[in-house]
A.B. asks: 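Pasting a structure here, questions to come.
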Amino acid sequence: MDLKIAKDDFLDGLYLTQGVVEKRNTLPILANVLIEASDNEVQLTATDLEVGIRKICRGKAKTKGAITVSARKLYEIVRELPAEEITLRSGDGGRVEVTGGKSRYRMVSLDPKEFPSIPAAPPVGKKGGVTMSLSSGEFGELVEKTLFAVSSDETRLSLGGVYIESPEKGQIRMVATDGHRLSLIEREVAGANLTPGVILPRKGLVEAKRLLEHGEADVTVSVSGNLARVEREGVELFMRLIEGEFPDYRQVIPKKTTKIVRVDRDAVFGALRRVSILSSERSRGVKLHIHPGILEVATANPDIGEAVEEVEADYDGDEFSIGFNARYLLDVLNLGGVTGTIEIGLSDEVSPGLIRLGGDEGYTYVVMPMRL
Amino acid sequence: MAARKSNPRPPTTNAPPAPPLRFGEIRGHDEPIAFLRRAWKGGRLAHAYFFTGPAGIGKLATARALALGTHCIDAPFEACGRCESCRTIAVGTHADVRVVLGPLKDKRDISIEQVRSFQRELGFRSLSDHPKVGIINDAHLLTNQAQNALLKMLEEPSGDSLLILVGVNAATLTPTILSRCQRVRFGPIPSDDVAAILEAHGHKRAEATALAAYADGSPGRALTLDREFFTTGRPAILQRLASLRGAGFKQLADVAQELATGDQELGLVMAVIASWYRDGLRRQLLGADEPIQNADLADALPSIDVDSSLRNLETTYATMIALRQNANRNLALTKLLLTLAR
């Protein structure tokens with residue numbers, strides 16, 4: 001292979017591979033990026049067998065071919081090179097020569113034939129695949145508002161991702177839960193028709209989030225058989241789908257709640273942060289005492305002390321107390337773009353709480369109470 | 001200084017030590033392979049197998065061959081060894097084939113964390129439209145907790161997957177695991193096959209035959225045997241034996257002391273001594289064409305009568321048993337040499 005490639009474009013691609021490549025270094029080739037050069041296109045691929053990324057870069061190949069080199073080292077090299085154009089040339093002894101300006105590197109290349117193969121995108125409409133187009137902001141919101149609630153429990157693999165389905169044509173619903181809280185978001189998305197739903201892995205969505213940052217762009221999301229893909233401006237991120245059944249989340253969502261408390265997001269967020277300083281490190285438990293007009297956030301920790309703060313609330317029912325893990329409440333209040341009035345629906349001290357954000361009908365957060 | 005934060009998830013699939021064999025290249029296990037072939041042809045492969053038998057005889061090789069065979073694009077079951085599937089399975093980068101080769105470095109057992117990583121890696125939908133294959137080698141080294149973690153996978157196999165446990169025996173596996181795996185037994189393979197495998201690994205023919213004779217039908221064991229011992233140590237011991245005929249007690253006791261405290265594993269020394277008299281007996285009873293273990297040293301075989309050979313062999317075996325039961329090495333060997341020197 002003998003190839004000239006523009007630095008900025010190449011560096012962007014290498015940056016994207018950094019989160020994807022395998023870090024445990026058990027199979028050295030998975031720490032590598034595969035670079036394939038054809039006539040005037042260069043394709044970068046990196047994968048850890050769970051998530052992969054592919055980017056087409058501008059480049060001119062004198063001779064075609066493929067190499068694989070350490071993604072991390074190549075990224076560091078290219079980032080530092082002052083030149084506008086980088087040359088990659090495969091030399092003898094399995095080495096690759098990287099040159100830019102007056103710098104020359106020789107790097108070890110592993111056999112591209114050992115690089116895992118990732119099935120190319122199946123033609124749209126075949127094999128029951130679904131493709132939808134939306135903006136990076138729209139998809140970013142869907143991801144952000146569910147990813148944080150994904151379980152990290154390794155014994156329940158099917159909770160280790162976000163469930164995505166179409167309750168109706170033209171709608172997308174994404175759900176994540178860890179058994180203590182559940183986050184559900186529903187949005188109108190043209191072309192969405194994903195039934196039955198599938199489970200997208202956490203790592204894939206973390207990378208998707210990274211890809212969706214940096215300005216608005218059109219994004220294509222497709223799901224087919226065993227892979228999901230997210231494409232943006234010549235970059236294709238693919239992730240394997242988690243096998244197994246997502247639990248029936250509908251059972252968890254309370255049909256109706258008898259007591260509804262409306263509070264200002266900033267006020268309650270601040271109060272929770274301040275009060276939870278003295279909550280127990282492990283359970284992070286805080287108690288909500290609800291009186292007409294007032295929401296009182298309190299915690300008592302015999303080892304450290306007590307804290308209490310009152311927040312103005314729109315409520316005129318009976319007096320009432322319930323305990324929650326402060327982190328679960330803070331997580332949802334801390335989501336991007338959450339402002340104004342928060343609606344907390346409660347029934348009694350053992351029933352789950354239902355949180356809605358500023359009149360957003362498409363978003364539902366359920367959090368289990370704790371006994372304090 | 002704080003220790004560098006270690007990665008919480010241990011590796012499961014290390015790069016395999018050698019490329020996998022195809023079924024056609026595996027020697028001595030025609031029966032289990034035929035059994036698997038029948039099951040595969042009929043679409044009746046179980047979702048979990050336990051391959052059991054002595055160490056080093058080819059259980060893992062067969063499990064890896066099955067992984068190749070179920071995924072090969074060009075030659076289903078028999079495997080081509082060249083297609084994309086075969087190539088990536090060989091180097092461990094196939095997305096649907098995961099192998100735990102054994103305990104991590106410096107560890108004595110396969111931990112629950114290893115099993116969890118393994119399950120996580122197999123927890124995705126198959127990319128290849130073939131069943132995912134998970135292999136756990138040295139499954140007898142799974143900790144109890146690791147076995148319990150595995151149990152869930154065995155009880156509710158998710159999707160299309162094939163789990164193969166490979167181990168020397170079932171003693172350390174819980175009944176709950178065993179009852180959920182179909183057991184496939186592997187036996188020792190003929191010495192000729194062991195020798196052929198050794199030759200393929202670059203041993204010279206004579207050396208291969210000699211080593212194979214001591215390998216108990218296990219090419220894996222043959223490959224770990226000390227070559228040096230067989231080329232120089234073994235002839236030295238046998239020469240020593242020959243020189244002891246009619247020797248006095250003092251001399252015998254000295255040699256016994258030497259063997260008892262020597263560097264060489266006593267079990268091997270005893271195996272060599274036993275093979276020597278067995279060879280002698282064989283030649284005497286069955287003629288000069290009979291294949292023997294120490295073929296390379298045949299000229300030096302002891303010229304004693306059949307009764308003496310039998311007596312020597314019996315005493316050697318009795319001594320081997322006594323040594324295994326922790327008899328005093330010095331005394332047991334002196335007693336043996338007194339008989340052999342008669």
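Each chain gets a letter, A, B and so on, in the order the sequences are listed, and its residues count up from 1.
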A.B. asks: For B/Glu155, look at atom CD and say whether over 12 heavy atoms of other residues, nucleotides or ligands are found less than 6.0 Å away.
C.D. replies: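 Enclosed.
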
A.B. asks: Do you see a donor-acceptor pair shorter than 3.5 Å between the side chains of B/Thr93 and A/Glu114?
C.D. replies: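 No - no donor-acceptor pair under 3.5 Å links their side chains.
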
A.B. asks: To the nearest 0.5 Å, what is the distance between CG on A/Asp111 and CZ on B/Arg87?
C.D. replies: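 If I round to the nearest 0.5 Å, the distance is 7.5 Å.
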
A.B. asks: Less than 4.5 Å apart, side chain to side chain, heavy atoms only: is that true for A/Arg240 and B/Asp96?
C.D. replies: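 Yes, close enough: below the 4.5 Å cut-off.
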
A.B. asks: In Å and rounded to the nearest 0.5 Å, what is the OG1 to CD1 distance from A/Thr155 to B/Ile112?
C.D. replies: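 Rounded to the nearest 0.5 Å, the OG1-CD1 separation comes out at 9.0 Å.
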
A.B. asks: Report the C-alpha distance between A/Leu227 and B/Leu127 in whole Å, list the side-chain angles of each, state the deciding distance to 0.1 Å, and finish with yes or no for side chain to side chain contact (heavy atoms under 4.5 Å, CB included).
C.D. replies: CA-CA 8 Å; A/Leu227 275 181; B/Leu127 274 190; 3.6 Å; yes

A.B. asks: Which residues from residues 197-208 of chain A are near chain B, with near meaning under 4.5 Å between non-hydrogen atoms?
C.D. replies: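 Heavy-atom contacts from residues 197-208 of chain A to chain B are A/Gly197, A/Val198, A/Pro201.
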
A.B. asks: Looking at every non-hydrogen atom in both residues, tell me the closest pair between A/Glu154 and B/Arg120 and how far apart they are.
C.D. replies: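 Closest approach of A/Glu154 to B/Arg120, heavy atoms only: OE2-CD, 3.6 Å.
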
A.B. asks: Please check if the number of heavy atoms outside B/Gln182 that lie under 6.0 Å from its CD is greater than 12.
C.D. replies: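 Check passes, neighbour count above 12.
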
A.B. asks: In this structure, are over 12 heavy atoms from other groups packed under 6.0 Å from A/Arg72 atom CZ?
C.D. replies: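 No, because the 6.0 Å sphere around CZ of A/Arg72 holds 12 heavy atoms or fewer from other groups.
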
A.B. asks: May I ask you to test the A/Asn226-B/Asp129 pair for a side-chain heavy-atom distance under 4.5 Å?
C.D. replies: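 They are in contact (side-chain heavy atoms under 4.5 Å apart), so the answer is yes.
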
A.B. asks: Please check if atom CZ in B/Arg82 has more than 12 non-hydrogen atoms from other residues, nucleotides or ligands closer than 6.0 Å.
C.D. replies: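 No, the 6.0 Å shell around CZ holds no more than 12 heavy atoms from other groups.
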
A.B. asks: Look at A/Leu157, A/Ile242, A/Leu241 and state which one has the largest set of heavy-atom pairs under 4.5 Å with chain B.
C.D. replies: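 The answer is A/Leu241.
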
A.B. asks: Of all heavy-atom pairs between A/Leu49 and B/His94, which one has the smallest distance, and what is that distance?
C.D. replies: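 Minimum heavy-atom contact is CD1-O, 4.2 Å.
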
A.B. asks: In terms of heavy-atom proximity below 4.5 Å to chain A, should B/Ser126 be classed as side chain, backbone, both, or neither?
C.D. replies: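 Answer is backbone: N, CA, C or O of B/Ser126 sit under 4.5 Å from chain A.
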
A.B. asks: Kindly determine whether B/Lys132 and A/Glu243 satisfy side chain to side chain contact (heavy atoms under 4.5 Å, CB included), including the steps that lead there.
C.D. replies: CA-CA 11 Å; B/Lys132 293 173 290 183; A/Glu243 190 151 66; 2.4 Å; yes

